[in-house]
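Shown next, in structure tokens, is the structure this report addresses.
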Amino acid sequence: MIFTIFKKELKDTLRDRRTLMMMLVIPVLIFPIIMNVFVSISASFQKEAATKKIKIGMVGEKNNFLFQELKAIPATVGPKEIIVYKDTLSMLADLKNDSIQLGTFVPADFNQYLDSMKPAPIVFYHNATDMGMQERAEVYMKIIEDKAKQARFKKLKIDEAKVQPIVTEYRNIASDKEMIGKLAGGMLPYIFIAFGFIGCMYPAIDLFTGEKERGTIETLLTTPVARWQILFGKMGVVVLSGLTAATAALFGLFMSIEVLDVVDNKEILEIIHSILSVKFILMLYSLLIPLTIFFAGVMIPIAVYAKSFKEAQSIITPLNIVMVLPAMVGFFPGIELNTVTACIPVVNIVLATKELIAGTLDFGLVALSFTVMLTLAVVAVIVSYKRFDKETNVVM
């Protein structure tokens, strides 16, 4: 009987264009579009930042040391134009209205500092809202400082190696797979959780609140079928819809990587292919199934209680933020899966997925995470049954 109800409700759900859009079309299409737009915009900004000609204001004598050195830096480092000002106020005024992008002050006794072997002061002014300008100034000054340092060593007849007592080298022992898992691993569970929740939402509202609005729930309840069987049949469709939406989102992400070539590094592609193995997918779904059941168990009591589709939607939609917000923990560095975080719903799934991608998974903590989510899923199902079994909730 559960399976019969499941098939009946699944057919009705698949006839609903709005549910199909949220469950299949949007998750599949949204990631190729987002990834393509993101990569295009990112590449455009990088190209613009590298080729943008900036105007540098300078207060000081024309043709001084800094003027000559800046002028000597090739345009390949970043095209520029140097404008000399008589005073700092007029330079800062132009900097504020973006007539120039960088300003610098060179004291009148700048050359005396250099001749007396003292550090010569240079002040750079920039607008922090103009992205990349401080970095451009730092690149210029690094070239000038290295050149001036070499000239000073030569003048003092000093071997540079003799004034550098320590050479430090940093070696990363983490594998590329671990790096991807730790740095970008928060994205995948976030996708699953966000779309899994949305995929559950519309079928849950339609199969419960929608039936009340259409007046068909009473007919269904008069059939010789136990209420828990009706509930389980309907809940099965809700859970399947959530898993289907999450899977469609994963497929969309995979298509954006494979078809649109947003990742042009062959080594990274090989790592991604090694991560997306059958074992990984099975373990991922073992974590996502109780999570999706939990989502369904949270939504169904609300859908049963609500008197209209609009009311149910207005209650469940803000709940999406509450459920998805913990998934953002995966983007924060330094938060690891441990005994405490394994007991926090949603957070445990996110962190376990990160560890799974990185290949550093502790199966004891995974078992704890699975147990916590399974317990919450069972509690959610019981609460759903209690609400569905209450006559005043299912009859308008």
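In this text, all values refer to a predicted model and were calculated from it rather than measured experimentally.
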- Query: Under 3.5 Å, side chain of Lys147 to main-chain N/O of Glu69, donor-acceptor pair present?
  - Reply: no

- Query: Any chance the side chains of Ser241 and Tyr202 put a donor and an acceptor closer than 3.5 Å?
  - Reply: no

- Item | CD1-CG distance between Ile56 and Leu95, expressed to the nearest 0.5 angstrom | 11.5 Å

- Working to the nearest 0.5 Å, report the span between CG of Leu207 and CD1 of Ile230. 12.5 Å

- Query: Can you find a heavy atom in the side chain of Lys155 that is under 4.5 Å from one in the side chain of Met117?
  - Reply: yes

Sequence neighbours left out, cut at 3.5 Å: what donor-acceptor pairs do the side chains of residues 372-385 make with other protein atoms?
unit_1 : atom_1 : unit_2 : atom_2 : d
Thr375 : OG1    : Thr371 : O      : 2.7
Ser384 : OG     : Gly297 : O      : 3.1
Ser384 : OG     : Ala380 : O      : 2.9

- Item | Spatial distance of atom OG1 (Thr317) from atom CD1 (Ile205) [nearest 0.5 Å] | 6.5 Å

- Message: Hydrophobic clusters here meaning ILVMFWY residues chained together by side-chain heavy-atom distances under 4.5 Å, can you tell me if Val322 and Met299 are in one?
- Response: yes

- Query: Hey, is Lys212 close enough to Glu311 for a salt bridge, meaning N to O under 4.0 Å?
  - Reply: no

- Message: Classify the ring geometry of Trp228 against Phe232: parallel below 30°, tilted from 30° to 60°, perpendicular beyond 60°.
- Response: perpendicular

- Task: Working to the nearest 0.5 Å, report the span between CG of Asp94 and NZ of Lys55.
- Result: 9.0 Å

- Query: Taking the six-membered ring of Phe153 as reference, does the NZ or CZ atom of Lys157 fall below 6.0 Å from its centre and within a 45° cone about the axis?
  - Reply: no

- Query: Can you check whether Val77 reaches Val139 side chain to side chain, under 4.5 Å on heavy atoms?
  - Reply: yes

- Query: Which value, rounded to the nearest 0.5 Å, describes the distance between Gln68 atom CD and Ile82 atom CD1?
  - Reply: 8.5 Å

- For Leu337, the option from Asp362, Leu351, Thr353 that meets side chain to side chain contact (heavy atoms under 4.5 Å, CB included): Leu351

- Interatomic distance, Glu211 atom CD to Asp206 atom CG [nearest 0.5 angstrom]: 8.0 Å

- Phe294-Ile321 co-clustered via ILVMFWY side chain contacts under 4.5 Å: no

- Item | Cluster check Phe105, Phe110: I/L/V/M/F/W/Y, side chain < 4.5 angstrom | no

